[in-house]
2 protein chains.
Amino acid sequence: MSDDTGAGKPRAPEGMGGLAKGLAIIEAFSETRREMTVAKAAQAAAISRASARRCLLTLAELGYVRQLGSAYLPTPRMLRLGDAFFESSTLPQLAQSHLDDARDQLNESVSLAVLEEGNSVFVARAEVTRPVSSYVRIGAKLPAYASATGRMLLADLADEDVDRYLSTTDFVPLSPKTETDPDRLRDLVRDVRARGYSVICEELELGMLAMAVPVRNRNGRTVAALSISAAIARVGLEQAEREFLPVLLARADALSRML
Amino acid sequence: MSDDTGAGKPRAPEGMGGLAKGLAIIEAFSETRREMTVAKAAQAAAISRASARRCLLTLAELGYVRQLGSAYLPTPRMLRLGDAFFESSTLPQLAQSHLDDARDQLNESVSLAVLEEGNSVFVARAEVTRPVSSYVRIGAKLPAYASATGRMLLADLADEDVDRYLSTTDFVPLSPKTETDPDRLRDLVRDVRARGYSVICEELELGMLAMAVPVRNRNGRTVAALSISAAIARVGLEQAEREFLPVLLARADALSRML
DNA sequence: CACGAATTGTTCGCTATGCGAACAAAAATC
DNA sequence: GATTTTTGTTCGCATAGCGAACAATTCGTG
């Protein structure tokens, strides 16, 4: 707003400043910011307190947040916003029967993920019941560097995009076996690119391995990754490559042909 | 803007008009509106084309939608907005272990739902693998009138709120057995209120029954419904009441004590 | 407990963002 | 091909939203 310069300069591309601010506040809610006051929201969204206050008043008026004392918390109505993607996107629905088939055939949980700002986001899932396994929420995300799907999706990026990702990511280990060296990760992504599938073993969660294959659109771009996960106590790497990989590749190929 | 009247009249409560418009556009995306042009978005959100255009430009600039010709479609980034609720809310995390226990004990899928504008919205799930069952997405919603959780949640509303709901709802049958008579539904909600749990049989989906019990906060209000669903080919109503109900009530009670 | 400092929430004069109407361009219909 | 309808874009104008100032609240210290 106040950063514009020269007189007579054409206007910046038009937009809706208040919308941008409000969305910044919504995205600022997190596990460490379960509720926010006007001041906290302003700080988290890098806007003035007056703007933050207006946004929160509008969000409250529309039912997206509720007020508790001077704090604001998101309500379930917020879920409608995420629904916009699910109701619009055909990919999860097209994929579901393929995931179900793969799950039934291999008796392991199967999921589909897309890349979103350095994260692998689950958009579809077929889950097999295990005593230990917990429900993975569609919409949940995993860091790309530590997940089979994430590495599969990174493998489709141009080298410079992979490098940009590697240079701006904070590599938090998620298990004692998480690879966090950027050079090593670059090599791993290249390996995935060469091999055409991705496997990680205990990097995301001890005791678990995961395998992912690409789902491509008709331009050959990888638009999603189809993955399977299993406990290494039950399934070794060789068995995964022998039994899981052909089925995943076949399912991914069938799905790719629909895109 | 132009609807304000008398001079010297105090300002309306302050807000952020552009945010309201942008959120209306986001919510307008649906299965019948998978993509929208500027004109379609303006119509769907009941705003001017110029405003719709500004909103879509901002949403595109921030990565929430992408442009395809003159149409705009949501991107996975939209999921972050729904995340605001999941990352803030403690209920799904508190509930998960209870759902897992109930699922393991009863060997049927168990879920937790909250009421959101006439819909029952899943916020947590423990799923048992069945050849027929498909994955129910957290965030997915069911009409309250046709679901066990929905009726359980409606039962906690005041009579006038139930009546308002019944008078403004379009009762679309979801199976040949869906109850769609408002008077009948009012009686069913009252029955649920008296009985303290809700059961539906084949109203949502042929061949399936579902049972739900209330999860209450310390004020006694029903803040969520815990439910189980099973195929009637395997489980009859009497068995459900004999075997499922005690476990659901115990789990719901344990969860209620944490709230 | 009182006081001062820091933080937070609210207000209001001012201006530039966002408005609506008009116009340009594209699409649809005859 | 001409006309009509619909859609996308522009721009003069005004009010919604801005930032700074102020009021209120909270926190820290003596």
Side-chain angles (χ1 to χ4, degrees), chain A residues 1-26 28-29 32-62 64-74, chain B residues 1-26 28-29 32-62 64-74:
Chain A
M1 263 60 173
S2 57
D3 60 338
D4 200 25
T5 50
K9 189 177 177 182
R11 280 192 184 186
E14 291 164 298
M16 196 70 99
L19 173 57
K21 287 169 180 160
L23 295 172
I25 287 183
I26 294 174
F29 283 104
T32 54
R33 291 198 197 97
R34 291 178 184 271
E35 58 183 54
M36 290 195 284
T37 59
V38 167
K40 289 281 200 282
Q43 188 176 40
I47 62 179
S48 72
R49 292 196 302 279
S51 296
R53 175 170 184 268
R54 283 175 167 271
C55 290
L56 288 167
L57 288 177
T58 292
L59 289 172
E61 183 185 343
L62 297 174
Y64 293 97
V65 299
R66 65 187 171 90
Q67 191 168 359
L68 200 65
S70 63
Y72 294 82
L73 302 84
Chain B
M1 254 73 171
S2 57
D3 61 338
D4 199 26
T5 50
K9 186 177 177 182
R11 279 193 186 184
E14 292 163 300
M16 196 68 99
L19 172 58
K21 287 168 179 162
L23 294 173
I25 287 184
I26 293 173
F29 283 103
T32 54
R33 290 197 199 96
R34 292 179 183 269
E35 59 183 55
M36 289 194 285
T37 59
V38 167
K40 289 280 199 282
Q43 189 175 40
I47 62 178
S48 72
R49 292 195 302 278
S51 296
R53 176 169 184 268
R54 282 175 167 272
C55 289
L56 287 168
L57 287 178
T58 292
L59 289 171
E61 181 186 344
L62 296 174
Y64 292 97
V65 299
R66 65 186 170 89
Q67 191 168 358
L68 199 65
S70 62
Y72 294 83
L73 302 85

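Computed from heavy atoms alone, side chains included, the values below leave out hydrogens, waters and symmetry copies. In what follows, every chain begins at residue 1, and chains take the letters A, B, ... in the order their sequences are listed.
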Might you point out which heavy atoms bring B/M36 and B/A44 nearest each other, and give the distance in Å? SD-CB, 4.0 Å

Are any of the side-chain heavy atoms of A/Y64 and B/L23 separated by less than 4.5 Å? yes

For A/V38 and for A/M16, locate the closest nucleotide of DNA chain C by heavy-atom distance; then report the residue assigned to the nucleotide nearer the 5' terminus. A/V38

Write down the distance between CE (B/M36) and P (D/dT6), rounded to a whole number of angstrom. 19 Å

So which heavy atom on A/R33 is nearest to which on A/A28, and how close? NH1-O, 3.2 Å

Taken to the nearest whole Å, CZ/A/R53 to P/C/dT10 is 5 Å

Symbol by symbol from the 5' end, with Watson-Crick or G-U pairs under 3.5 Å, [ ] crossing and | another strand, DNA chain D is ||||||||||||||||||||||||||||||

Minimum heavy-atom separation for B/F29 to B/L73, with atom names? CE2-CA, 4.2 Å

Quick check for you: to the nearest 0.5 Å, what is the distance between B/T58 atom OG1 and B/L19 atom CG? 11.5 Å

So, under a plain 3.5 Å distance rule, would you say the side chain of B/R54 forms a donor-acceptor pair with the base of C/dG18? yes

Could you report the tightest heavy-atom contact between A/C55 and A/I25, atom names first, then the distance? CB-CD1, 3.7 Å

With distance as the sole test, does B/R53 use its side chain to make a donor-acceptor pair with the main-chain N or O of B/V38 at under 3.5 Å? no

For D/dC18 and A/S48 - does any side-chain N or O of the residue sit under 4.0 Å from the phosphate oxygens OP1/OP2? no

Quick check: on DNA chain D, is the nucleotide nearest B/A50 upstream (toward 5') of the one nearest B/Q43, or the reverse? Name the residue that is more 5'. B/Q43

Could you tell me the separation between the CG atom of A/L19 and the P atom of D/dG17, rounded to a whole number of Å? 12 Å

Are A/S51 and D/dG17 close enough that a side-chain N or O sits under 4.0 Å from OP1 or OP2? no

D/dG17 phosphate, OP1 or OP2: any side-chain N/O from A/K21 under 4.0 angstrom? no

Taking only N and O in the side chain of A/R49, is any of them less than 4.0 Å away from OP1 or OP2 of C/dT11? no

Quick one: does B/Q43's side chain have a donor or acceptor within less than 3.5 Å of a partner on B/A45's backbone? no

Would you list the protein and nucleotides 5-7 of chain C atom pairs, both N or O, that sit under 3.5 Å from each other?
none

N/O (side chain, B/S70) to phosphate O (OP1/OP2, D/dT7) under 4.0 Å: no

When rounded to whole Å, the CD to C1' distance for the pair A/Q67 and C/dT10 reads 13 Å

